[in-house]
Protein chains: 2
Amino acid sequence: MRGSGTTPDPAPDPASDLADRTRPAALARLLRREILTGVLPPGSAIKERDHADRLGVSRTPLREAVRILAQEGLVTLRPLRSPLVAQPALEEVLAEIAVLRRLELFSGELACANATPAEIKAIGALVAAIARDHAQGDRLDVFDLDMQMHRAIVAAGHNAALMRTHGEYLARLFRVRFLSARERADAARVLADHDAMLRALQTRDAALMDAAITAHFDGLERNITRLLGPASGPQADEGAAGDAGAAGG
Amino acid sequence: MRGSGTTPDPAPDPASDLADRTRPAALARLLRREILTGVLPPGSAIKERDHADRLGVSRTPLREAVRILAQEGLVTLRPLRSPLVAQPALEEVLAEIAVLRRLELFSGELACANATPAEIKAIGALVAAIARDHAQGDRLDVFDLDMQMHRAIVAAGHNAALMRTHGEYLARLFRVRFLSARERADAARVLADHDAMLRALQTRDAALMDAAITAHFDGLERNITRLLGPASGPQADEGAAGDAGAAGG
DNA sequence: GTGGCCGGAATGGTATACCATCCGTTCCGT
DNA sequence: ACGGAACGGATGGTATACCATTCCGGCCAC
C-alpha cells in the first residue's frame, strides 16, 4: 500500500477480530492496546497531532481511530478539547458488567436452543484448551481463550445484533476482565463454570447454563469490587496490567 | 418541507449530552431523519461529495456523520465503496427486537427496585398523556410519548450503560417501531400494557412488570412480522413513514 | 496586591488537494 | 463474435493547510 507507512502493526491482538484491513481500525487497535496496558494512563489527553506524528500517520485516520475508541468507551470526547483516556468509576463498571451479564444470559438461552453440534464441539475444544493452558499457568492465553469461548457461545445463539452488542461490552470491559482474570484464586470455579456451560449446551439445559453464567459473573463482580473497590477509586491500578500486556509492544 | 423547529428527532443519544452542538452530530441528525423518513431509501448510496455539497459542508464532517449513523446501524460501510443506507432483513430486525426486549426486561427489574417516587410519578404522567393523546387520535404524539416513557423506565433503573445501549437500539429500531405504532388495532392492549407497567412500578411488582413488557414486545413482534414478513423483504415500505414523520413535535 | 483584560500559543474542527482502488467501458486479440 | 486486459471516470481514503476556540501568561488598572 503506502510505501512510507511501516506501521508496526503486528499480529497478536486479543481484543478485536475484523479490524485487519482499514487503517483507522489498525490505529484503534494500537491505541486500545496502549490504553488497556496502561501505556496511556486513564485521564491522559490524546492529542491528535502528537499521536498522529508518533504513529506516522496523518490526523485524519487517527481521528477516526479515536472516535472508534470513544464509541467503545475507552476514551471520552470533549467538544473542542483533547479526548481523554476514560476513567470509569467502579459504579459505572459494575453497571456495564450487569448489562453484560444479561447479554450473556440471553446468549446462553439462545445457544442452548440454537447451537449446532459443530459449534458445541468447537466450544468444547475451547474449554479443553483453557483447562490445559491454565494448568500450564499461561494466563494470557487463558484470558484470550476465555474470551473466544464466550464469543463462541454468543455466536452459537445466532443473533447478529446480540453478537455485536456483546462484542462492544467485551471491548469496553476488556481491562477490567483482564484484571479479574489475573486472579487465580477462583480458577477452579472458573473452570467448573466453563465445564457447566459446555454440559448445558450438550444437554440443551438452559437452567444449567443460566446457573453457570450467573456463577461466572458473580465471581467477576466479586473480583472487580475487591480490586477496584476500596483503594483505587479514580486513579486506577496502573502497574497492574502493565507488565502482562506490555510484552506485545 | 420540514418545519425547522419541529423535529421528531429520534434523539438516539440519551447518555451523551454533548450531541447537540457539534457539526457532525447535526449532520447525522439530518441524515438520520432523511433515512428514517424514506427520503434516502434503503439500499441507496451515500456519496460523500454529493451530500457534502448538498448540505453545504465539506467531506470531513459529513464523513464523521456517516460514521455515527453506521454505528447506529442505519448505514452500512464498505471499504473503498460508498456507504449504503441499511436495509435490514426481517430476521435481523427480529434479532434486534429480541435484544431490545431483554434490555427492557432488565430495565423493568431495575426500575422496580430503584425507581424513586418522583420518577414513578413522572412515568405516570406520561402514561396518562399517552392515553389522552391516543383518545384524540394523535398518533405521532403517542409515538413520541411512548418512546419517552420507555426511556423513563430505563432511566429509573439507574444504570447508565443500560440507558446508552437501550438508546442505541431504540434509534436502530426507530423506523420499525414507528411502523408498528401506526397500527391501531392493538391500541387497547398497548394502553393496558402501559398501565400495567405503571402499576408494577408503584407496587414494586417485578413479575407484573415482566409480564407487561413481554406482552408489549409480543405485540411489537407480531406487528412487525405481519408488516414486513410476507411481501416486502428487501425493498421495504417507502412512503409509509414519509409524510407522517414531518409533523412531529 | 489583586482582579480583570488582552494576546499569543496550542489544539480540535473544517476545508481541500491528492492518491489508491474499484467499476464500467472499450478495444484488441483470438 | 466473444472474452479478457487496459484505460478512464468516479469515489472513498489520506495528507495537509487553514480557521475557530480555548487556555494560559503577562500586563495594566484599580
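First the proteins, then the strands, lettered A, B, ... as listed; each starts at 1. Computed over heavy atoms, backbone and side chain alike; hydrogens, waters and symmetry mates excluded.
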Pair B:His158-A:Glu91, side-chain donor/acceptor within less than 3.5 Å: no
Flag, side chain of A:Arg32 to backbone of A:Leu69, donor-acceptor distance under 3.5 Å: no
side-chain contact (heavy atoms from CB on, under 4.5 Å), paired with B:Leu173, selected from B:Leu100, B:Ile224, B:Leu179, B:Val99: B:Leu100
Check nucleotides 16-20 of chain D against the protein and report each pair of N or O atoms closer than 3.5 Å, with its distance, or say if there are none.
from	atom 1	to	atom 2	distance (Å)
D:dT16	O4	A:Thr60	OG1	3.4

Nucleotide of D:dC23, D:dT14, D:dT21 approaching A:Arg81 most closely (side-chain heavy atoms): D:dC23
A:Glu64 CD - C:dG13 C1' separation (whole Å): 15 Å
Out of C:dG13, D:dT14, D:dT11, whichever nucleotide has its closest atom nearest the side chain of A:Arg63: C:dG13
Rounded distance in Å - CZ (B:Arg78) to P (D:dG13): 11 Å
Atom-to-atom span, CD1 of A:Ile68 to P of D:dG13 - whole angstrom: 11 Å
Counterpart residues, salt bridge (charged side-chain N to carboxylate O under 4.0 Å, His left out), relative to A:Glu168 (two or more places apart): none
For atom CD1 of A:Ile46 and atom C1' of C:dA10, their distance in whole Å: 17 Å
Between D:dT11 (C1') and B:Asp50 (CG): distance, integer Å: 10 Å
Spacing between A:Lys47 atom NZ and C:dA10 atom C1', to the nearest angstrom: 8 Å
From D:dT14, D:dG12, C:dG12, nucleotide with atom closest to A:Glu48 side chain: C:dG12
Distance, rounded to the nearest Å, where B:Leu62 contributes CG and C:dG13 contributes C1': 15 Å
Residue pair A:Arg63 / B:Glu64, side-chain heavy-atom distance below 4.5 Å: yes
Rounded interatomic separation in angstrom, taking CG from B:Leu80 and P from D:dG12: 10 Å
Non-hydrogen side-chain atoms of A:Leu145 and A:Met149 separated by less than 4.5 Å: no
Short side-chain N/O contact to C:dG13 OP1/OP2 from A:Arg67, under 4.0 Å: yes
Residue list, salt bridge (charged side-chain N to carboxylate O under 4.0 Å, His left out) with B:Arg81, at least two apart or on another chain: none
